[in-house]
Amino acid sequence: MEVIKVRCPATVANLGAGFDVFGMALKEPYDIIEVKVQEKGIEIDVEGYEVPTKPEENTGGYVALRMLEDFNLEYGVQIRIFKRIKPGSGLGSSAATASGVAYAMNKLFNLRLSMNRLVEYAALGETVSAGVPHADNVAPAIYGGFTVIASREPLKVLRFKPPPMSVVIALPDVEKGSTKLARAVVPKMIPLESMVRNISYASMLAIGMVTGDVSLVKMGMNDCVVEPARAEAGILKGFKLFKRAGLEVGAGVAASGAGPAVVGVVEKEKVEMLYEAFKGVCRSLGLGCMFYKTEPGDGICEIGGG
Ligand code: HSE
């Protein structure tokens with residue numbers, strides 16, 4: 001088979017206190033990626049949101065380069081990206097591309113790599129946009145559901161099916177700047193008290209996900225280290241207002257990855273209330289905003305194409 005076409009989900013990372021550890025795949029939005037063997041070189045075409053097309057500057061192109069090199073593959077590939085996840089949104093846009101290409105290359109060249117090896121390759125792509133190979137977006141993009149990076153070296157990913165719940169994403173129309181920048185403002189040292197509080201939050205979230213207790217998931221969506229630092233640096237526009245509005249309708253609210261997207265989780269019957277609450281915040285801030293009413297979703301899947 002010489003063409004592989006895959007659907008690559010958006011993902012939310014951190015979910016509160018799980019910086020670089022927690023992630024969750026979403027049903028929508030998603031990118032479509034098609035990878036085709038060609039004689040040599042890497043060519044990238046993009047439709048939809050713009051992303052770099054030079055292989056070494058594109059998170060997927062970089063993954064393809066590394067895989068061709070590591071497996072001594074004497075071919076090239078043509079990568080077509082239908083980019084529907086806005087780059088720089090905090091919804092794992094770069095991870096979707098990197099993961100989609102890793103998955104497709106594995107199939108295309110019959111490399112028989114494990115899911116964890118695919119996560120490792122896709123994480124390499126994240127260095128292009130974030131400066132470090134963080135795996136908390138690529139792991140859920142590949143595995144689906146809720147994932148925990150239990151260890152980075154060696155990589156150990158835990159995967160759980162989240163409980164049925166609604167997820168509302170508000171994506172304010174602001175420039176975040178790069179993920180690299182958003183990581184530069186994260187404190188390197190934290191008070192013991194903040195560590196203790198964040199362990200409580202992270203524990204509640206993980207236990208809620210595993211036991212299917214949505215109220216625990218919501219209570220766990222808090223962070224007293226990274227989110228406040230990013231909000232203070234102006235990276236999470238209106239974050240406190242989103243948080244307050246979400247809490248008022250009984251939702252859990254967190255920054256989605258490094259923002260500017262905000263993720264709210266709520267019981268299915270309250271989805272409209274949360275959506276209206278987020279819309280109200282965007283109106284009061286005078287900001288254009290994009291919204292997704294979605295839910296936890298599966299990982300990358302092949303959709304045919306050749
Ligand atoms: N854990 C990463 C961060 C996710 O917060 O920088 C980036 O999407």
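Counting starts at 1 for both ligands and their atoms, in listed order. Computed over heavy atoms, backbone and side chain alike; hydrogens, waters and symmetry mates excluded.
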Practice task
Verify the distance criterion only: is there a donor paired with an acceptor across the side chains of N198 and D223 at less than 3.5 Å?
Solution key: yes
Completion exercise
Among E227, R230, R183, H134, closest by heavy atom to atom 7 (C) of ligand 1 is H134
Fill in the blank from the handout: At under 4.0 Å between heavy atoms, what of V226 touches ligand 1? The answer is neither
Exercise for the section: Measure D20 to ligand 1 on non-hydrogen atoms and call it side chain, backbone, both or neither using the 4.0 Å cut-off. Expected result: both
Handout entry: Within the 6.0 Å centroid threshold, strictly below: F278 and F242
Key = yes
Exercise for the section: Check whether any N or O atom of N14, backbone or side chain, sits under 3.5 Å from an N or O atom of ligand 1, and answer yes or no. Expected result: yes
Problem - S94 side chain to E126 side chain, donor-acceptor N/O pair below 3.5 angstrom - result: yes
Practice task
Kindly assign one of parallel, tilted or perpendicular to the pair F291 and Y275, based on the angle between their ring planes and the thresholds 30° and 60°.
Solution key: perpendicular
